[in-house]
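Because the structure is a prediction, the values reported are computed rather than measured.
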Amino acid sequence: MAERGARLLLSLLCLTFLYPATTVSRHADKGTAARPFSPFWFSVEPWDTLAVRGAPALLNCSAHSGDPASEPTAPQARVEWKKDGTFLSLAPDDGRRRVLPDGSLLISSVVHSKHNKPDEGTYQCVATIDSLGTIASRTARLTVAGMPRFSSQPTAASIRLGDSQVLACDVNPDLVPLARWEREREPLELSSRLVQLPNGALVVSNASEADAGLYRCMVENAGPAKTSEEAQLTILPETGEERELEFLVEPLPVTKVVGASLLLPCVVTGYPAPYVRWMVGDKLVEESEGKLELVGGGSLLIYNLTEEDAGVYSCMADNTNNTIEAKAELTVQVPPEFLKRPANIYAHESMDIMFQCEVTGSPAPTVKWVKNGDAVIPSDYFKIINEHNLQVLGLVKSDEGFYQCLAENDAGNVQSSAQLIILEHGSRGVANPTGPTPSAPRDVVASLVSTRFIKLTWRPPAEPNGEDLTYSVYFNQEGTNRERILNTSRPGEMQVTIQNLMPDSKYKFRVVAHNKNGLGESSAVLKVATQGEVQVPGPAPNLQAVSTTPTSVTLSWDTPLTGNGDVLTYKVYYMEKGLDLEQDIDAGALSYTLMGLKKFTEYSIRVVAFNKHGPGVSTADITVTTLSDVPSAPPQNLTVEVHNSKSIMVRWQPPPPGAQNGEITGYKIRYRKGTRKSEAAETTGGTQLFQLIDGLERGTEYTFRVSAITVNGSGPATEWSTAETFESDLDESRVPDIPSSLHVRPLVNSIVVSWTPPENQDMVVRGYTIGYGIGSPHAQTIKVDYKQRYYSIENLDPSSHYVITLKAFNNMGEGIPVYESAITRPQSDPIDPDVDLYELFHAPYTPVPDPTPMLPPVGVQASVLSHDTIKVTWADNSLPKNQKITDARYYTVRWKTNIPANTKLKTANTTNLSHMVTGLKPNTLYEFSVMVTKGRRTSTWSMTAQGTTFETIPSSSPKDVTVVSKELKPRTIIVNWQPPSEANGKITGYIIYYSTDVNAEVHDWVIEPVVGNRLTHQIQELTLDTTYYFKIQARNSKGMGPMSEAVHFRTPKTESSDKMANDQASNLPVKPGSNQPPLDHGFGSPHGKPGITGSGDNHILVIVVIISVGAFTIIVVVVGAFLCTRRTTSHQKKKRAASKSSNSSHKYKGNSKDLKPPDLWIHHERLELKPIDKSPEPNPVMTDTPIPRTSQDINPVDPSLDNSLLQRRNSYRESVRNTPSTEPLPPQAQPPCQAEHQHPDPEGSYQGSTATDDEPSASGSYCSAGQPPTAHVRPTHPLKSFAVPANPAANFESPALPSTPLLTQTGPQLHSVKTASIGTLGRVRPPMPVTVPSAPDVPETSKMLEDVDSSYEPDELTEEMAHLEDLMKDLNAITTA
C-alpha cells in the first residue's frame, strides 16, 4: 500500500512540474493513439564562406525528415533560403542561383562591385513540412573578397648579421590568407627564422648572408596574381658598436575564436643582441611543443587557442644595456554551445509549458525563439524566463508546431528545435474509464487577494468516488480565450495560489477534481478581481552629471516613462565615495545643481521621482568627480637638513588628502638668503617629496618654504624654515667622536641631562642619542637635534638608580658613548625653588616644571559625520598661534549620552587637536569635553560640546506582536505591537505583512501600511477558519528595519464560534502574576469546591458554620492570652496599664451609634507603636513565645460559653472580615502566617501550609515572601471598618484589590498577633512592606450597605456590639491581672 501511495505521489509531482513526461507516460500506459514526434532536423547547415568575385560559391544545407527506405510515406521537407532575413525569390530561369536537390544553395558566379553587391550577406536555410511545421538553420555569412590592394609595400632595407628586419606588405585583411612572398622571383619557404606576420609582412630574424636578395609580395586571387614592388635586402657585417634596443613590430590587441592559431608579433633590433621573453600576467611563458613556440626571433605562436590562453601578454627584450617591454591583450571568444537543448513536449490545451534552453559561450550569447520559422514576440502568454527559456501559458491548438532556440554571439550561432503536440482535450490520456468520476468541488472562494496573486480554497466534492483526489484549477483573464491550468502539488490539497496575475484585472476560476477514473465535474465559475497596484513613478531616464566648478555638479534627467503624469517632485541623493552617509535634496524640475561639494572628490548620485503614492524606482547610481582646484593647505612636516657647506636637503609631506583639491603635479620650493626679500625657486615632480638645494654660500643662513601645485596652480606655502650651511665641509667618512662632557641633575621624577659636543669639530654631528634605564642604559632611547645641549628625562621613578648614556651620530652611525649615573630624589623631597633650569642651560628644548596648572582646551566643537561617528575638535591656548604641538602633551576626550540610565563616561587619548569618536548609537545626543595633560600636569575639563548622531534605519523589529479577533466581527482582526527596541530615529510608520503561507516569498505577502506611530491596526474582510501569518516592519526617515518573527492567528469557523471565543476570552485571568484562572468557587470554599454563598436558601447553614468557627477562635484566643501574659514582666504590665488609661476615651462609629472599642485592642495598638523607630538590627531574630504554633497545640477550654453570643459575634465578624482598610498597619500588626494547610485560594482567602521551626508563624515571624513591597502600614482600629461595609466575596477578582493577608484577618487572629507582640517587646522588627488595597468606589459602597442592611438589622448589630464589649472587658481584666 505504501509503495502504491509513493508511486501515485511521484506521478502527481511529475504531472505538475514535468508535463511532457506525465502526458507521454499516460498515453504509453493506456494505449491512447497519440501522434508520435516527427524526426525533423537539419543534417547539414551552412557555414561562413569567403567567395571570390566571378567564382562559384556553395552554401550547404540538408534537412532530415525520415528515412524514405523505412518510411516511404514520410513527408519530405521543402527547403527555401533567406538572405538578410528575406526569402530569396529564385526564378526557374535564374541560372546563376539555384537550390540543389539536397537543399544546398549554389551561386555559379559571384557578382560583386563597388556599388552592386547582390550576393554578399547573411544566409539562412528554411525547411518546411506542410502538415508539421517549419524549422530554420543557423545563419552563415557569405563574404566576397575584393580586388587586391597594397596599402604598404616592401622597401629597400639593410640588416646586420644576426639582427632582425621587417619587410612590409599590407593588403586587404580578407586577402591576407592569399598572400605569399618571393625572393629572386622564387617562392620563399617560411621557417622559424623567416615568418609571415598576420598583416602579411615578412620578418627576417638572425640574418645571414644567404638572406640578401630581391623580395616581393604576391596576392593570388581567382584572376591574375597581383605583385608588389621589389625591395633589395642588404646584409651588413656586425661592427660591435652598441645600438639602442628598439621595437620594429610590437604586439597589438587581438581577438580570436577558440581553436584557432595565433601569432603575436614582437620584433626587436639592437646590439648586443637582445634576449626576448614573454609574460602572461605575472607568469613566464615557456615554450611547449604543439602549443607555444617562439618564431622570428621573438614572436609568439600559439596553437589551438583555449579560453585559458586569454590575458595580457608582455614581450620583454633586454640586453646588458637596457630593457624594453610591449604589452597586448588577447581575447579568446567561444561560439555558443548548448548545455541543454529544448525537448519535445506533449500537452493538453489550457496547460502551461516550458521549453528549456541552456547555452554557454564568450561573450555571453543572446537567445531568441522561433516558432515555425517566425520569431516569437514576448507577450502575456509567451514569456522568456531566465533569459533563455520559453514559457507558453494557456495552450491552444494553434500553438502546435516546431519551436527553435537560436543562440548567437560574435563568435558564431547555433540552433536547436523541439516539437509541441497538443493532445485531444477529451481523453486526457485515459483510454477507458473504469468507474465514476468526482462531482464538482464545493465552496470555491478566494481566501487571499493581492495585486498579482490570488489564493483559492475549496471543499471536497460531495461525491468524491474515490480516495486521494487531486485538483486542477482552470483560469483565464476576462476577455481572453486562453484558459490556463494549475494542478495541486499533492493529493488531498484543497488550496492553490495563482501567481503572476495582472493588477486591477478580472479573472475567472473553476476547479475540477480527478480520481483514478479521470476528471470530474467542474465547479461553478468564480470571478475575482485583483487589487489595483499603487503606480509609483519609474526611474528617471538619461540621468547625467557634469562638474561645473570645483564645488558644484549640474544634474539633468528626463521624465519617467511610467507614472510621469503624477510626478510631484524629484529627490536627488548623493554620497561621497568611501562614506556611508547619503544626503538628499529636493528638486522640482528636470535639472538641479548641487552646491557646496568637496573639491576634486568623487560622488555617487541617483534620482528618485515622487508622486502622491510615494517614492518611485531609483535610477542607477552614476559617479562624477568635481573639478580640481589649487591646494587649500600647505605641505606638511617640512624639515631642512644641512648637507654640507654648499647644499641643504629639504623634505616634506603632501598636504592633507582633503586639502589637495586635485592631483598634485609638483612642488615649488622657494628659498632666500638671510632676510633678503629676493627669492629663488625650484620645482619638483608630483611624487618627489624632497629636494637637494645646492650652490649655496658657506656659513650662510637660508630660509625655505614649500607649496604644492595642481593643474590649477600653486596652493598656500608652509611657514619659513631656517637652516645654516656649514662654514666648511665637515668630514662624514666616519662616526663622531665621544661627547666632551656629560652632566646629570636628578629630581624626584626626572633627570636633567646636559652635555657638550665632541672636541673634534671637523666631524659631522647630526644629532645625539640618549639612553637610560634602571641599572642599564638600554631600556629607553631618545634622539635629539644636533643643536640641543640638554634634555629633561621625564616620568621616572623616585629613589631609583638610573644609568644614562650619550652618543653623537651622523649618517655613518653612532659614535663612542659617554656614561653617567644618577639616583632620583625621594618622593618627599621638594624641588629646589632656587634652581631655574632655563637660566642654567640657556636652551629652549627642555620642559621646565611649572607649578601653574595647564589651561583647558577651548573652542570644543562636535561635528556629526554619520549615524555612529562624531569628530571632536578644539584649540589649545597654551600652544603657539600655529597650534603646532612640539612637546609630549596629550589630550583626553570624554563623552557620555544624555540618557539618565546610562551615565557611564568613556574616554580616549590623542596627541592631535581632534579626535574621531566612533561606535556611537544612532539618533542619540552626546556631550563631549577635553582636558590636556603634559607630564604630571593636567588641566581641568573644558566646556562641553554636544552633538546628536544622524538617524539610520531601525536595527531591530517591532516587538510584542499580538493578534486578536474583534468582538462580534469574526472577519476582522486587530494587530497590536510595540515599537522596536533600536528604532535609531523617529518612527514614521509601520508595514504589516500577512499571508496564509508562512514560507511564501516576501513579495507574495499582502501589505497593510500604517502611517505615523500608531501601535494598533485593524485588518478586515478575512476568510473564516483560515490561519494567517503576520509580520511587521518599522520605518523611519532612513528606511525600513528588519521584519518581526511571524505570528499566526486562525480566524473563527463561524459567526457563533467567534462569539463563543470572545466569551471564553472574557474569562481570562485578571489577577496580575496569577498562574491559575479565577474560579468562582464561593467565598471561603477551600480547594476550589463550591462553598457557602450566603443566599437565601442556605442562610441558616452560613450562620451555623460562622458560630462554630467563632466559638472555637475565641476559646483559642482566651487560652493563648492567659498563657502568654504569665511570662510578661512588671514593666510590661505598667506599659499596658498606661496604654489602657490613655486610650479609654476613644470612640468609634458603628452601624447606627458610637461604640466604645474594647480596651484590649487599644492596648494592642499602643504596644505595637513603640518599637517602630528603634531598629538596631536589620534582621532581628525572633524570640520564642508561649503561643502555640498551630491550632493543634491549643488545649480545649470550657465549651460552656454562650452559643448565641458566639453566633452573633462570629456573624458580625464575618461581615467585616474582608473589608479593605484605608489606614496602614504597623510591622508587628502584620497578620501572622495561618495554621497548616493555609494557602491563598483564588478568592484571596488563605488555605494554609504547615509552619516549620525554621519558618515561625504564630510566634510573630513574617509570612512567606510574595507580598509586593508597596507601603509600610500602621495599625488601625479593627472596628473602624464597620463604617464601610465589606465587599461581597465575588468582587475579589478585581486587580484593584490584590490578595493580601489584610483582607482575610479575623478577630481571633488579631488577638494572636497582639499576644505574640507582648512576647517580643525586647526585640525590634523592621517595618513589614504590604500592599494596601484601595477603598471601593461610592456606588459599590452604597450597594454593599444595601446588602448588609438586608442581612442584619441595626438593633441586632447594636446588641452584638454590647455583648462583644462586655466580653472584651472581661478579657482585658484577665490580662492586666
Side-chain angles (χ1 to χ4, degrees), residues 12-13 15-17 19 348-352 380-381 393-395 437-464 468-480 482-515 519-533 970-971 993-1001 1003-1007 1019-1029 1048-1054:
L12 288 170
L13 289 173
L15 174 65
T16 305
F17 300 107
Y19 300 115
H348 293 282
E349 288 188 86
S350 301
M351 290 177 63
D352 298 344
D380 291 341
Y381 297 98
L393 306 178
L395 290 175
T437 57
S439 59
R442 297 173 293 171
D443 300 337
V444 179
V445 295
S447 61
L448 203 60
V449 178
S450 182
T451 57
R452 294 184 179 273
F453 70 88
I454 292 176
K455 183 172 184 178
L456 295 182
T457 58
W458 58 86
R459 295 173 56 206
E463 299 176 1
D468 296 334
L469 297 184
T470 55
Y471 298 88
S472 297
V473 177
Y474 295 86
F475 64 98
N476 67 300
Q477 188 174 357
E478 202 168 59
T480 63
R482 281 184 177 266
E483 188 176 50
R484 300 174 56 190
I485 183 174
L486 185 63
N487 299 318
T488 55
S489 58
R490 59 181 179 271
E493 185 177 19
M494 288 178 289
Q495 64 177 15
V496 71
T497 300
I498 298 95
Q499 306 275 2
N500 302 319
L501 303 179
M502 299 298 295
D504 197 21
S505 301
K506 294 181 180 180
Y507 287 86
K508 297 179 181 179
F509 300 90
R510 61 186 182 91
V511 183
V512 177
H514 44 91
N515 57 16
L519 287 178
E521 297 179 8
S522 172
S523 68
V525 174
L526 173 68
K527 295 183 178 181
V528 183
T530 54
Q531 297 179 1
E533 193 170 49
R971 296 181 182 270
Y993 298 81
Y994 67 96
S995 173
T996 57
D997 183 4
V998 71
N999 297 317
E1001 297 292 335
H1003 56 77
D1004 290 336
W1005 291 54
V1006 180
I1007 295 175
I1019 299 177
Q1020 302 176 349
E1021 300 301 327
L1022 299 180
T1023 305
L1024 295 177
D1025 194 22
T1026 303
T1027 299
Y1028 289 87
Y1029 297 88
H1048 69 275
F1049 180 82
R1050 189 172 187 87
T1051 52
K1053 295 184 178 180
T1054 60

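Of the inter-residue distances, the one linking L393 atom CG with D352 atom CG reads 4.5 Å to the nearest 0.5 angstrom. Between the CG atom in N476 and the CZ atom in R510 there is a gap of 9.0 Å [rounded to 0.5 Å]. A distance of 4.5 Å separates OG of S350 from CD of E483, quoted to the nearest 0.5 Å. The distance from the OG1 atom of T996 to the NE2 atom of H1048 is 14.0 Å, given to the nearest 0.5 Å. Of the inter-residue distances, the one linking F453 atom CZ with I498 atom CD1 reads 10.5 Å to the nearest 0.5 angstrom. One finds the NE2 atom of H348 at 9.0 Å from the CG atom of L519 (value rounded to the nearest 0.5 Å).
Side-chain contact between L448 and S995 is present, with at least one heavy-atom pair separated by less than 4.5 Å. Inter-residue side-chain proximity for D1004 and T497 is flagged as unmet; no heavy-atom pair is nearer than 4.5 Å. Using a 4.5 Å cut-off on side-chain heavy atoms (C-beta onward), V511 and V496 make no contact. At least one side-chain heavy atom of M494 sits less than 4.5 Å from a side-chain heavy atom of Y471. When side chains are defined from C-beta on, K527 counts as touching E478, because their heavy atoms get closer than 4.5 Å. Contact annotation: the side chain of T470 never approaches that of N487 to less than 4.5 Å [non-hydrogen atoms, C-beta and beyond]. A 4.5 Å side-chain heavy-atom check between V444 and F509 finds every atom pair outside the cut-off. You'll find the side chain of T457 reaches within 4.5 Å of the side chain of V445, heavy atoms only.
The minimum heavy-atom distance linking A446 with I454 is given by the pair CB-CG2, 3.9 Å. Pairing each heavy atom of D504 with each of G532, the nearest pair is CB-CA, 3.8 Å. Nearest heavy atoms, R482 versus G394: NH1-O, 2.9 Å. For the pair W1005 and D997, the tightest heavy-atom approach, listed with the atom from each and the gap, is CZ2-O, 3.6 Å. Residue V525 comes nearest to K508 through the heavy atom pair CG1-CB, 3.7 Å, listed as atom of the first residue, atom of the second, then distance. Summarising the geometry of P464 relative to P461, their closest heavy-atom pair is CD-O, 3.7 Å, with the distance given to 0.1 Å.
Counting only distance, with no hydrogens or angles, the side chain of T1051 and the backbone of D1025 share a donor-acceptor pair below 3.5 Å. Between the Y1028 side chain and the T1023 main chain, a donor and an acceptor come within less than 3.5 Å of each other. No donor-acceptor pair closer than 3.5 Å links the side chain of T451 to the backbone N or O of P503. Put simply, the side chain of R971 gets close to the backbone of L1022: a donor and an acceptor are under 3.5 Å apart. Formation of a donor-acceptor pair under 3.5 Å by the S450 side chain with backbone atoms of V1006 is not found in this model. Formation of a donor-acceptor pair under 3.5 Å by the S523 side chain with backbone atoms of P441 is not found in this model.
For E1021, the CD atom is loosely surrounded, since the number of other residues' heavy atoms within 6.0 Å does not exceed 12.
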- Dump the intermediate steps for side-chain hydrogen bond (donor to acceptor under 3.5 Å, both in side chains) on R1050 and T1027, then the final yes or no. CA-CA 4 Å; R1050 189 172 187 87; T1027 299; 2.6 Å; yes
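Counting only residues at least two apart or in different chains, salt bridge (charged side-chain N to carboxylate O under 4.0 Å, His left out) contacts with residues 437-454 comprise D443-R459, R452-E533.
Ring pair F475/Y507 is tilted by interplanar angle, where 30° to 60° counts as tilted.
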